[in-house]
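To start, the structure itself, in structure tokens.
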Amino acid sequence: MTKRRKYTRELITARDNAYQAHLQHHGDAQDRPPRLRVMAGFGPGIPVAYEPRSQGDPLPWVAYNGDTGTAEFRYTGRECWTAPVEKKNEIVVRQIIARSVYRRLAAEGIACEGWGDSAGTYARYTFADDSEVTWSGTDRYGADVSNHHPIGEHGSVGAHWMQQEQPPYAEELPDFATGNYAADSAALVAWMVSLADRHGRRHQEQAAAEDTEAALAWQKSTGGFILKPTPGSTC
């Protein structure tokens, strides 16, 4: 009798082995083994997350809507496959972890700016009282500190809020790390909204136009207030 294949275990093992081989390669960069991601769906597919609902869940792989951050489809391991990680991939761009968070925050009157340095890529928002928050994600290996990896590789999201303009100086550093994108991203959004309610919303010069428009739509529909500093002002 043929032994039943464990497709999900094979996928996870192949992905983890590829990551270790990529990490441990010390030769010519052109010969570096590619990392792998797990895909599912139609055509070239989209990256999927391993989020079983219970032990032995027959549909443990989840495809998220990149715009809303909601789980849309579930797959068996047999329906999934691995594909090399590409530097430029339009499908992955529509699946990055920050995409739905930006949209959900903008719908609450909070249009974030993108920001980056040598340590990674972040989102940033300055509140009406001049306190500031940055937030970013790490991938499932804890290696990629950015908002650019796809939901299927989500590990956690962390943030840093600080008030340094006037005493008493304060900061908060929450880490949303259940490993479940829906739970972690929703917790981040709720925390950000609570900060905005306490510290005031503010127009961000470098926010994307569509997010600024969504934030202004929130202001119009709710009667809320978004501070827009005048040129040359210090507030």
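Counting begins at 1 with the first residue of the sequence. Quick caveat, the model's predicted, so the values are computed rather than measured.
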(Q) For Arg198, I'd like to know if atom CZ has over 12 heavy atoms of other residues, nucleotides or ligands within 6.0 Å. (A) yes
(Q) Keeping Asn180 on the side-chain end and Glu51 on the backbone end, is there a donor-acceptor pair under 3.5 Å? (A) no
Q. Could Arg202 and Asp130 be called an ion pair, given the rule that one side-chain N must be under 4.0 Å from one carboxylate O?
A. yes
(Q) Please give me the minimum heavy-atom distance between Asn65 and Asp67, naming the atom from each residue. (A) OD1-N, 2.8 Å
Q) Does Arg32 use its side chain to pair, donor to acceptor, with the backbone of His22 at less than 3.5 Å? A) yes
Q: For Ser136 and Thr121, indicate whether the former's side chain and the latter's backbone hold a donor-acceptor pair under 3.5 Å.
A: yes
Q | Distance, nearest 0.5 Å, that separates CG of Asn17 from CZ of Arg15 | A | 11.5 Å
Q) Can you hop from Leu11 to Phe73 via hydrophobic side chains spaced under 4.5 Å? A) yes
**Q.** Electrostatic pair Arg104-Asp211, nearest N-O below 4.0 angstrom
**A.** no
Q | Shared hydrophobic cluster for Ile96 and Leu105 (ILVMFWY, side-chain gaps under 4.5 Å) | A | no
Q.
Would you call the rings of Phe127 and Tyr125 parallel, tilted or perpendicular, taking 30° and 60° as the class edges?
A. perpendicular
(Q) Checking Asp184 against His154: is there a side-chain donor and acceptor pair closer than 3.5 Å? (A) yes
Q) Side chains of Glu153 and Arg37: does their closest heavy-atom pair fall under 4.5 Å? A) yes
Q.
Looking at every non-hydrogen atom in both residues, tell me the closest pair between Ala111 and Ala207 and how far apart they are.
A. O-CB, 3.7 Å
Q: Kindly indicate, with the supporting measurements, whether the criterion ring-ring contact (aromatic ring centres under 6.0 Å, His included) is fulfilled by Trp61 and Tyr50.
A: CA-CA 5 Å; Trp61 297 95; Tyr50 178 63; 5.2 Å; yes
(Q) Quick check on side-chain contact (heavy atoms from CB on, under 4.5 Å): which of Val101, Thr70, Val62 does Tyr181 satisfy it with? (A) Val101
Q: Ignoring hydrogens and angles, tell me if any N or O in the side chain of Asp175 forms a donor-acceptor pair with the backbone of Ala177 under 3.5 Å.
A: no
Q. Nearest 0.5 Å, what's the CG-CZ distance between Asn89 and Arg94?
A. 8.5 Å
Q.
A side-chain contact here means heavy atoms from C-beta on lying under 4.5 Å apart; do Thr134 and Trp115 qualify?
A. yes
Q: Using the side chain to side chain contact (heavy atoms under 4.5 Å, CB included) rule, take Cys112 and Met192 through it: C-alpha gap first, then chi angles, then the decisive distance, then the call.
A: CA-CA 11 Å; Cys112 293; Met192 287 280 293; 4.0 Å; yes
Q. Is the number of heavy atoms from other residues, nucleotides or ligands under 6.0 Å of Gln219 CD greater than 12?
A. yes
Q: List the steps, then state whether side chain to side chain contact (heavy atoms under 4.5 Å, CB included) holds for Gln163 with Glu171.
A: CA-CA 6 Å; Gln163 169 61 273; Glu171 65 179 347; over 6 Å; no
**Q.** Closest non-hydrogen atom pair between Gly109 and Ile226, with its separation
**A.** O-CD1, 3.8 Å
Q: Look at atom CZ of Arg53 and say whether more than 12 heavy atoms of other residues, nucleotides or ligands are closer to it than 6.0 Å.
A: yes
Q. Is Glu108 reaching over with its side chain to a backbone N or O of Val193, donor-acceptor style, under 3.5 angstrom?
A. no
Q.
Under a 3.5 Å threshold, yes or no: a donor from one side chain and an acceptor from the other, between Thr68 and Ser100?
A. no
Q. Does NZ or CZ of Arg201 fall inside the cone over Trp218's six-membered ring, less than 6.0 Å from its centre and within 45° of the axis?
A. yes
Q) Can you find a heavy atom in the side chain of Pro44 that is under 4.5 Å from one in the side chain of Ile91? A) yes
Q. Under a 4.5 Å cut-off applied to non-hydrogen side-chain atoms, are Val85 and Leu36 in contact?
A. no
Q. Between Gln95 (side chain) and Tyr64 (backbone), is there a donor-acceptor pair under 3.5 Å?
A. yes
Q. Is the closest side-chain heavy-atom distance between Met162 and Ser131 below 4.5 Å?
A. no
Q: Is it possible for you to say whether Val48 and Ile12 belong to one hydrophobic cluster, with membership spreading through side-chain heavy-atom contacts below 4.5 Å?
A: yes
Q | Residue pair Trp191 / Val133, side-chain heavy-atom distance below 4.5 Å | A | yes
Q. Which atom pair, heavy atoms only, marks the closest approach of His203 to Thr212?
A. CE1-CG2, 3.9 Å
(Q) Could you tell me if Tyr102 and Asn147 have a donor-acceptor pair between their side chains, going purely by distance under 3.5 Å? (A) no
Q. Is there a donor-acceptor contact under 3.5 Å from the side chain of His199 to the main chain of Asp197?
A. no
(Q) Counting C-beta onward and ignoring hydrogens, is there a side-chain heavy-atom pair between Glu132 and Arg124 closer than 4.5 Å? (A) yes
Q.
Working to the nearest 0.5 angstrom, can you tell me the gap between Glu113 CD and Tyr122 OH?
A. 16.0 Å
Q.
Show the nearest heavy-atom pair for residues Gly137 and Ile97, with the distance to one decimal.
A. CA-CD1, 3.7 Å
(Q) Is any side-chain heavy atom of Arg99 closer than 4.5 Å to one of Ile151? (A) no
Q. Do Glu210 and Arg103 meet the salt-bridge criterion of a basic N to acidic O distance under 4.0 Å?
A. yes
Q) Is there a donor-acceptor contact under 3.5 Å from the side chain of Glu79 to the main chain of Thr76? A) yes
Q | Gln204 side chain to Thr126 backbone, donor-acceptor under 3.5 Å | A | yes
(Q) Under the criterion side chain to side chain contact (heavy atoms under 4.5 Å, CB included), I'd like the reasoning laid out for Val157 against Ser185: C-alpha separation, chi angles, the key distance, then a yes or no. (A) CA-CA 7 Å; Val157 287; Ser185 61; 5.8 Å; no
Q. If two hydrophobic side chains count as joined below 4.5 Å and joins carry through other members, does Tyr75 share a cluster with Met39?
A. no
Q: Would you name the heavy atoms of Thr178 and Ala183 that are closest together and state the gap between them?
A: OG1-CB, 3.9 Å
